[in-house]
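In the text below, chain A, chain B and the rest are named by the order of the sequence lines, each starting its count at 1.
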Number of protein chains: 2
Amino acid sequence: MISIGELARRTATKIPTIRYYEQAGLVPAADRTEGNQRRYGREAVQRLQFVRHCRELGFSLDDIREMILLDADPDLPCSAIHGIAESQLAAVRARISRLKSLERELTRILALPHDASSGQCAVITNLV
Amino acid sequence: MISIGELARRTATKIPTIRYYEQAGLVPAADRTEGNQRRYGREAVQRLQFVRHCRELGFSLDDIREMILLDADPDLPCSAIHGIAESQLAAVRARISRLKSLERELTRILALPHDASSGQCAVITNLV
DNA sequence: CCTTGAACCTCTAGTGGCTAGAGGTTCTAT
DNA sequence: ATAGAACCTCTAGCCACTAGAGGTTCAAGG
């Protein structure tokens with residue numbers, strides 16, 4: 001049984017974030033000591049790692065909640081989880097292509113020669 | 001002189017967003033009719049378009065405020081504006097490369113064969 | 001000139017995903 | 001026994017909007 005501080009260290013998560021996840025139902029409510037402090041077991045570390053990894057991959061808390069629910073039901077469709085992951089992949093790809101066009105435009109604007117005569121910044125005039 | 005609704009239409013911006021920008025100092029406070037309704041001129045359309053375009057490019061409201069200030073000062077360094085744009089470009093590139101690695105991982109996980117025997121979803125087990 | 005109803009006004013509160021701080025309690029090591 | 005590190009709850013703040021309540025004003029048609 002470890003404290004919240006230790007759990008935070010092991011999962012590279014800030015303490016308030018852990019409490020927030022508990023309150024949001026992404027992590028089960030921890031056992032408590034007599035003095036009301038949280039104590040965590042092995043499973044808690046795994047679950048939190050799962051949540052963190054999903055977050056890194058860009059899943060929303062809602063997505064993660066849904067995956068946990070689906071996973072908890074052993075009879076239930078892996079295909080549903082697949083679906084979530086697939087739509088996440090699509091979203092990631094969409095974001096990439098959007099960012100790439102931003103990159104192109106910013107690069108173009110920054111490459112423009114500085115027009116000292118007009119006194120106007122090329123970056124500004126090209127952004128309007 | 002056009003109404004806020006017309007301005008919203010012309011710039012593809014929601015009305016509350018325009019009021020929010022005004023309150024946030026990104027757009028000058030509009031003239032008012034006797035009945036206290038906002039009326040906008042030609043410049044307002046341009047300014048709002050500039051703000052919207054910057055937002056599309058991912059600049060923060062703070063960045064935009066700063067660019068507007070810098071632009072308003074004619075003696076002042078275009079180089080400062082350049083700097084903002086450059087750091088924005090760097091941020092965009094960082095986001096792209098992060099998203100690409102997410103894309104790779106999601107693709108990998110989704111390509112895994114479905115293990116019907118274990119009853120466990122490959123997506124879940126690979127996310128832990 | 002009067003009425004209708006679309007468009008406007010302000011103000012408050014909610015979104016997501018945390019993060020920070022105040023003010024107080026408990027644990028642990030000496 | 002005591003110091004101080006770590007914990008507790010609760011509230012409020014961050015960004016960039018968005019939604020809704022409840023009330024006012026505008027513009028067009030009769």
Taking CD1 from I2(B) and P from dA27(D), how many angstroms apart are they, rounded to a whole number? 13 Å
Considering residues, nucleotides and ligands other than R39(B), do more than 12 of their heavy atoms fall under 6.0 Å from its CZ? yes
Closest of dC8(D), dC18(C), dA19(D) to the I4(A) side chain is dC8(D)
Modelled atom types, side-chain donor and acceptor of R47(B) and Y40(B), under 3.5 Å: no
Which residue, Y40(B) or P16(A), contacts DNA chain C at a nucleotide closer to its 5' end, judged by nearest heavy atom? Y40(B)
Return the value, rounded to whole Å, for the distance between atom CD1 of I15(A) and atom C1' of dC7(D). 8 Å
Proximity to the side chain of L61(A) - top-ranked nucleotide from dA16(D), dC18(C), dA19(D): dC18(C)
Nearest to the side chain of Y21(B) - dC18(C), dC9(C), dC17(D)? dC17(D)
Quick one: I18(A) CD1 to dT19(C) P, roughly how many Å, whole number? 11 Å
Report yes or no: does R65(A) contribute a side-chain atom to a donor-acceptor pair with the main-chain N or O of A24(A) at less than 3.5 Å? yes
What integer distance in Å separates E34(A):CD from dC27(C):P? 8 Å
Please report the distance, rounded to the nearest Å, between CG in N36(A) and C1' in dT9(D). 9 Å
OP1, OP2 of dC8(D) versus side-chain N and O of R38(A): anything below 4.0 Å? yes
Starting from P on dC7(D), measure out to NZ on K14(A) and report it in whole angstrom. 15 Å
Side chain of Y20(A) (C-beta onward), nearest among dA16(D), dC8(D), dT19(C): dT19(C)
Side-chain contact check for S60(B): nearest option of dT9(D), dA16(D), dC9(C) is dA16(D)
Using a strict cut-off of less than 4.0 Å between a Lys/Arg side-chain nitrogen and an Asp/Glu carboxylate oxygen, indicate whether E6(A) and R10(A) qualify as a salt bridge. yes
Can you tell me which nucleotide in dA16(D), dT26(C), dC26(D) comes closest to the side chain of R39(B)? dC26(D)
Closest to the 5' end of DNA chain D, once T33(B) and R65(B) are matched to their nearest nucleotides, is R65(B)
What's R19(A) touching, base or sugar-phosphate or nothing? Going by heavy atoms closer than 4.0 Å. base
Between T17(B) and dT18(D), is there a side-chain N or O to OP1/OP2 distance below 4.0 Å? yes
In whole Å, I'd like the distance from the CD atom of Q37(B) to the C1' atom of dC8(C). 4 Å
State the CD1-CG distance between I109(A) and L89(B), to the nearest 0.5 angstrom. 10.0 Å
What integer distance in Å separates Q23(B):CD from dC15(D):P? 13 Å
Counting only side-chain heavy atoms from C-beta out, which of dC17(D), dT10(C), dA27(D) sits nearest to R32(B)? dT10(C)
Name the nucleic acid region contacted by R52(B), choosing base, sugar-phosphate or nothing; use a 4.0 angstrom heavy-atom cut-off, strictly under. sugar-phosphate
Distance in Å, L26(A) CG paired with I18(A) CD1, rounded so as to fall on 0.5 Å steps: 12.5 Å
